[in-house]
Amino acid sequence: MLVVSKSDSTQTNAFTCSTCPYEFPVVGLTMFERKELLRKQVDDVLGGEGAWDNVDQTATQCPVESCGFDKAYFFQLQIRSADEPMTTFYKCCKCSHQWREN
């Protein structure tokens, strides 16, 4: 995506690429107002805050080295095609670290 910014060489407005040195000078256009766009709020795909309500616990060790707690909440979800195994999502009961296991 090209963004409008000041050109390094001519000190005028130009379309510039953030990943390469490409610049396209904007000639005959005056900018009156510059707006900062806010990032869109992304919804949690797995259900947000309520995803961990009423889930079961299991005996599994937290992968966080400093925690190592031996109980975690879990739920299973079919995120691939029907012939693939279900994916198990875990959340540590102590440190709330989340991970998944295929």
Side-chain angles (χ1 to χ4, degrees):
M1 178 185 351
L2 299 177
V3 294
V4 177
S5 62
K6 287 278 188 194
S7 172
D8 294 331
S9 56
T10 62
Q11 294 301 316
T12 60
N13 291 328
F15 290 110
T16 58
C17 178
S18 59
T19 58
C20 71
Y22 177 78
E23 287 185 359
F24 182 82
V26 178
V27 181
L29 178 70
T30 305
M31 287 179 44
F32 296 102
E33 183 179 346
R34 185 176 183 145
K35 294 183 180 182
E36 189 72 27
L37 299 177
L38 301 174
R39 292 190 75 72
K40 183 179 177 183
Q41 196 68 286
V42 179
D43 294 335
D44 191 356
V45 177
L46 299 176
E49 292 294 321
W52 294 102
D53 294 345
N54 302 320
V55 295
D56 294 323
Q57 291 185 18
T58 187
T60 186
Q61 190 170 13
C62 179
V64 176
E65 198 170 299
S66 61
C67 179
F69 196 66
D70 62 347
K71 284 190 180 181
Y73 302 112
F74 80 98
F75 68 92
Q76 292 184 322
L77 192 63
Q78 186 76 38
I79 60 173
R80 297 184 180 163
S81 61
D83 62 341
E84 296 287 327
M86 294 184 76
T87 303
T88 306
F89 293 88
Y90 296 100
K91 180 178 178 181
C92 179
C93 294
K94 183 178 178 184
C95 71
S96 297
H97 174 72
Q98 296 181 25
W99 72 98
R100 73 179 190 181
E101 189 176 273
N102 295 340

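Computed from heavy atoms alone, side chains included, the values below leave out hydrogens, waters and symmetry copies.
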- request: Could you list the residues that satisfy side chain to side chain contact (heavy atoms under 4.5 Å, CB included) with Phe24, not counting sequence neighbours?
  value: Phe15, Tyr22
query: Where do Trp99 and Gln61 come nearest, in terms of heavy atoms and distance?
result: CZ2-O, 3.8 Å
Using residues 64-78 as the side-chain source, report each donor-acceptor pair under 3.5 Å to any protein atom, sequence neighbours left out, with the distance given to one decimal.
residue, atom, partner, partner atom, Å
Gln76, NE2, Thr88, OG1, 3.1
Gln78, NE2, Ser81, O, 2.8
Gln78, NE2, Glu84, O, 3.0

Flag side-chain contact, heavy atom, 4.5 Å: Gln57 against Cys93: yes
field: Contacts of type side chain to side chain donor-acceptor pair (under 3.5 Å), residue Ser5, not counting sequence neighbours
entry: Thr16
- request: Would you give the length of the straight line joining atom SG of Cys62 to atom NZ of Lys91, rounded to the nearest 0.5 angstrom?
  value: 12.0 Å
